[in-house]
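Here is the structure we will look at, set down as structure tokens.
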2 protein chains.
Amino acid sequence: MSLRMALLGLLSVSGPASGYDLTKLFESTINHAWQARHSQIYPELNKLAADGLVTVEEEGPRGRKTYTITEEGSRTIREWMLTTGPARSARDEKTLRAFLLPTLKPEEALEVLRETVRECEAKLAVLEEIERRPSRPRTAGFGRYALDLGLRHTRMMRDWAAETAEEIERASRS
Amino acid sequence: MSLRMALLGLLSVSGPASGYDLTKLFESTINHAWQARHSQIYPELNKLAADGLVTVEEEGPRGRKTYTITEEGSRTIREWMLTTGPARSARDEKTLRAFLLPTLKPEEALEVLRETVRECEAKLAVLEEIERRPSRPRTAGFGRYALDLGLRHTRMMRDWAAETAEEIERASRS
DNA sequence: AATCTCATGTAAATAGTTACATGATTTT
DNA sequence: AAAATCATGTAACTATTTACATGAGATT
């Protein structure tokens with residue numbers, strides 16, 4: 001269901017787009033909250049069209065199909081957004097690794113944490129660069145929230161890794 | 001692969017356990033980073049046993065099987081933990097919803113954000129309660145990192161939702 | 001005796017990944 | 001002319017969810 005909603009959401013906020021566009025949009029916007037390959041996106045768009053939630057308004061060169069969200073599609077995404085249910089799937093391999101840190105010896109755990117700090121800082125540099133450059137008006141509002149959450153999440157992770165490393169270091173010295 | 005590693009990790013840190021125990025451990029510890037039902041856990045444990053990464057050392061009443069991690073299992077989890085690869089899957093439906101907030105009208109988005117704040121605060125109360133009560137020695141180190149990250153994540157989310165709500169309110173007043 | 005919790009499993013369906021397949025248009 | 005990018009798709013495999021199925025032991 002989430003993939004459907006992600007696609008409807010992107011079409012709703014960014015306007016009409018092709019499967020190819022959506023694949024790239026996925027990568028450049030919601031990538032850190034949800035991932036999908038073109039091999040999953042194309043069939044899903046066909047299903048969405050069959051269900052009347054999107055339409056192909058335009059066919060361009062190289063077989064390009066431009067999808068547009070329909071009234072029914074808009075109603076569907078709106079209802080999903082307003083549905084409050086605690087049944088939210090959350091999977092994060094990085095966090096999983098963090099949980100399993102105690103399986104390692106202190107020196108090994110330290111190395112993993114330091115690597116995490118480095119990765120977070122690299123990601124922060126990218127996100128802060130995006131923050132500085134003005135975005136195209138079409139995705140402005142959308143990008144704002146996404147970016148802000150991404151920045152906060154990455155900083156949180158970096159701080160946790162750094163402080164946990166310090167704690168382990170202190171403990172192993174005593 | 002992640003489910004295998006989660007199971008090996010839990011067995012490594014918490015000691016021998018049954019599929020039933022592991023199902024509950026999953027829920028009570030790494031639930032916010034990874035989920036798995038018993039219908040996925042039981043077959044995976046059988047595969048792990050077939051691959052020699054765990055053994056059934058003990059069979060109890062009601063067909064209970066107590067799994068223990070083997071030397072090879074320990075080597076496997078250790079290698080996975082030390083492998084740094086940027087190929088980490090991360091899926092979070094809550095964050096996805098946050099991204100799609102611009103599909104809603106400001107008043108609706110506000111309501112969703114306020115609900116998010118309430119949910120985070122409820123979750124924080126639970127986590128802070130766990131933090132206060134002393135844990136059993138067997139899962140102490142494990143619980144520490146998991147809990148700390150969970151607390152930080154939930155606070156980050158709450159603050160983001162609250163501040164974003166304020167921002168939308170300010171914007172809609174002008 | 002009934003109900004609850006412990007305990008394990010399988011089957012069917014949906015979701016997601018990896019690999020294969022093809023061809024048009026644009027850029028160098 | 002070659003290489004890069006645009007563009008869509010399918011097949012096979014793996015992962016995950018939902019629903020079905022069963023029975024033992026403990027508690028009320």
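Residue numbering restarts at 1 for every chain, and letters A, B, ... go by the order of the sequence lines.
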Measure [atom1]/[X] against [atom2]/[N] and give the value in whole Å, please.
{"X": "B:Leu3", "N": "D:dT14", "atom1": "CG", "atom2": "C1'", "answer": "12 Å"}
{"X": "A:Leu7", "N": "D:dT8", "atom1": "CG", "atom2": "P", "answer": "13 Å"}
{"X": "B:Leu96", "N": "C:dG16", "atom1": "CG", "atom2": "C1'", "answer": "15 Å"}
{"X": "A:Asp21", "N": "D:dC6", "atom1": "CG", "atom2": "C1'", "answer": "10 Å"}
{"X": "B:Leu45", "N": "C:dT8", "atom1": "CG", "atom2": "C1'", "answer": "11 Å"}
{"X": "B:Glu44", "N": "D:dA15", "atom1": "CD", "atom2": "P", "answer": "7 Å"}
{"X": "B:Glu59", "N": "C:dT8", "atom1": "CD", "atom2": "P", "answer": "10 Å"}
{"X": "A:Lys24", "N": "D:dT5", "atom1": "NZ", "atom2": "P", "answer": "10 Å"}

Quiz item: Which is true for B:Arg37 with a 4.0 Å heavy-atom rule: it touches a base, it touches only sugar-phosphate, or it touches nothing?
Solution: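 Contact class for B:Arg37: base.
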
Exercise. Give B:Arg4 one of three labels, base, sugar-phosphate or nothing, depending on what nucleic acid heavy atoms sit under 4.0 Å from its own.
Key: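 No contact at all - B:Arg4 keeps every heavy atom at 4.0 Å or more from the nucleic acid.
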
Taking only residues two or more places apart in sequence, or in another chain, which ones meet [X] in a side-chain contact (heavy atoms from CB on, under 4.5 Å)?
{"X": "B:Ser18", "answer": "B:Tyr20, B:Asp21, B:Arg64"}
{"X": "B:Ala90", "answer": "A:Gln35, A:Asp92"}
{"X": "B:Ser12", "answer": "A:Thr103, B:Ile69"}
{"X": "B:Arg78", "answer": "A:Leu104, A:Glu108, B:Leu82"}

If you restrict it to nitrogen or oxygen atoms, what contacts under 3.5 Å exist between nucleotides 9-12 of chain D and the protein, and what is each distance?
from, atom 1, to, atom 2, distance (Å)
D:dG9, OP1, A:Lys65, NZ, 2.7
D:dG9, N7, A:His38, NE2, 3.4
D:dG9, O6, A:His38, NE2, 2.8

Self-check item: Residue pairs, two or more places apart or on separate chains, that pass ring-ring contact (aromatic ring centres under 6.0 Å, His included) and touch residues 153-174 of chain B
Solution: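 Every ring-ring contact (aromatic ring centres under 6.0 Å, His included) pair that includes a residue of residues 153-174 of chain B, provided the two are not neighbours, is A:His153-B:His153, B:His32-B:His153.
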
Quiz item: Taking only residues at least two apart or on different chains, which pairs with a member in residues 40-82 of chain A satisfy ring-ring contact (aromatic ring centres under 6.0 Å, His included)?
Solution: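 Sorted pair list: A:His38-A:Tyr42.
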
Practice problem: Would you list the pairs meeting salt bridge (charged side-chain N to carboxylate O under 4.0 Å, His left out) in which at least one residue belongs to residues 1-11 of chain B, sequence neighbours left out? | Solution: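 Of all non-adjacent pairs touching residues 1-11 of chain B, those that pass salt bridge (charged side-chain N to carboxylate O under 4.0 Å, His left out) are B:Arg4-B:Glu44, B:Arg4-B:Asp51.
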
Quiz item: Does a side-chain N-to-carboxylate-O contact under 4.0 Å join B:Glu115 and B:Arg118?
Solution: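 Yes, B:Glu115 and B:Arg118 are salt-bridged.
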
Self-check item: Qualifying residues under salt bridge (charged side-chain N to carboxylate O under 4.0 Å, His left out), relative to A:Glu128, sequence neighbours excluded
Solution: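 Residues passing salt bridge (charged side-chain N to carboxylate O under 4.0 Å, His left out) with A:Glu128: A:Arg155.
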
Quiz item: Mind checking what makes salt bridge (charged side-chain N to carboxylate O under 4.0 Å, His left out) contact with A:Glu169, not counting sequence neighbours?
Solution: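 Partners of A:Glu169 under the salt bridge (charged side-chain N to carboxylate O under 4.0 Å, His left out) test: A:Arg114.
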
Would you list the protein and nucleotides 25-28 of chain D atom pairs, both N or O, that sit under 3.5 Å from each other?
none

Quiz item: Between the two ends of the helix from C:dA1-D:dT28 to C:dT28-D:dA1, what is the bend in degrees, rounded to 10 degrees, where each end axis spans five pairs?
Solution: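 Answer rounded to 10°: the end axes differ by 30°.
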
Quiz item: Are A:Arg64 and C:dG23 close enough that a side-chain N or O sits under 4.0 Å from OP1 or OP2?
Solution: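 Negative; the distance criterion is not met.
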
Quiz item: Which heavy-atom pair separates A:Tyr145 from B:Ala98 by the least distance, and what is that distance?
Solution: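 Closest approach of A:Tyr145 to B:Ala98, heavy atoms only: CB-O, 4.1 Å.
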
